[in-house]
Amino acid sequence: MMTKIYRSQTDRVLTGLLGGIAEYFHINSQILRIIFVVLSIFPGHLIAGLLIYVICLVVVPANPNVYGVHKNTDKQTRRNLTDVDEFDK
């Protein structure tokens with residue numbers, strides 16, 4: 001089974017893109033972030049690095065299996081909290 005690259009919902013600093021790439025390659029995300037920053041600060045590479053980051057941000061989807069983000073958004077699966085009583089202490 002082929003795994004896909006997703007933006008991480010748990011290992012994120014800004015958007016989770018580098019965290020998701022690190023999860024895909026099974027490496028430490030901090031190392032990947034340091035490599036990205038070091039490569040981006042070389043003269044002439046900052047704009048290219050940011051452009052590649054934004055393109056990947058648009059192309060790579062968020063992880064659909066974390067924190068209740070599911071593809072099935074059927075209204076029957078949602079719960080309504082209408083019968084909840086609130087009490088002041």
Side-chain angles (χ1 to χ4, degrees):
M1 183 173 157
M2 183 180 241
T3 60
K4 295 183 180 181
I5 296 178
Y6 292 111
R7 286 184 280 138
S8 177
Q9 298 296 319
T10 56
D11 185 13
R12 61 189 308 162
V13 172
L14 291 175
T15 61
L17 179 65
L18 294 177
I21 293 171
E23 288 174 6
Y24 180 78
F25 288 111
H26 303 290
I27 60 174
N28 189 347
S29 62
Q30 297 301 323
I31 294 172
L32 191 61
R33 289 182 181 105
I34 291 170
I35 291 171
F36 179 77
V37 169
V38 168
L39 290 177
S40 294
I41 58 175
F42 284 120
H45 291 105
L46 178 62
I47 294 174
L50 291 176
L51 183 65
I52 290 171
Y53 188 86
V54 170
I55 290 172
C56 289
L57 184 63
V58 171
V59 173
V60 176
N63 193 345
N65 298 323
V66 179
Y67 293 125
V69 180
H70 300 289
K71 291 181 182 178
N72 185 8
T73 58
D74 198 21
K75 289 184 179 181
Q76 295 177 350
T77 59
R78 295 183 180 181
R79 294 183 184 172
N80 292 330
L81 297 176
T82 56
D83 298 328
V84 177
D85 295 326
E86 293 184 18
F87 298 102
D88 291 330
K89 288 187 177 183

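All values reported here derive from a predicted model rather than from experimental measurement.
Among residues two or more places apart in sequence or in another chain, the ring-ring contact (aromatic ring centres under 6.0 Å, His included) test is passed with F25 by none. Qualifying side chain to side chain donor-acceptor pair (under 3.5 Å) partners for S40, counting only residues two or more places apart in sequence or in other chains: none.
For I47, the CD1 atom is loosely surrounded, since the number of other residues' heavy atoms within 6.0 Å does not exceed 12.
I21 and I27 fall within a single hydrophobic cluster, where Ile, Leu, Val, Met, Phe, Trp and Tyr side chains are chained together by heavy-atom contacts under 4.5 Å. At a threshold of 4.5 Å between side-chain heavy atoms, the hydrophobic network of Ile, Leu, Val, Met, Phe, Trp and Tyr places V38 and I35 in one connected group. Follow the hydrophobic side-chain contacts under 4.5 Å out from F36 and you reach Y24 in the same cluster. Residues L14 and L17 fall within the same hydrophobic cluster, defined by Ile, Leu, Val, Met, Phe, Trp and Tyr side chains chained together at heavy-atom separations under 4.5 Å. A continuous path of ILVMFWY side-chain contacts below 4.5 Å connects L32 to V13, so both sit in one hydrophobic cluster.
If you take CD1 on I34 and CG on L39, they are separated by 12.0 Å, rounding to the nearest 0.5 Å.
Nearest approach of G19 to S8, heavy atoms of both residues: C-CB, 3.8 Å.
Two residues are said to be in side-chain contact when any heavy atoms from C-beta on lie closer than 4.5 Å; L57 and R7 meet this criterion.
Sorted by first and then second residue, the salt bridge (charged side-chain N to carboxylate O under 4.0 Å, His left out) pairs involving residues 47-63 (not counting sequence neighbours) form an empty list. Applying the side chain to side chain donor-acceptor pair (under 3.5 Å) rule to pairs touching residues 48-58 yields T15-Y53, sequence neighbours excluded. The salt bridge (charged side-chain N to carboxylate O under 4.0 Å, His left out) analysis of residues 10-26, with sequence neighbours excluded, yields the pairs D11-R33.
Other residues sharing the hydrophobic cluster of L50, ordered by chain and number and joined by side-chain separations under 4.5 Å: L46.
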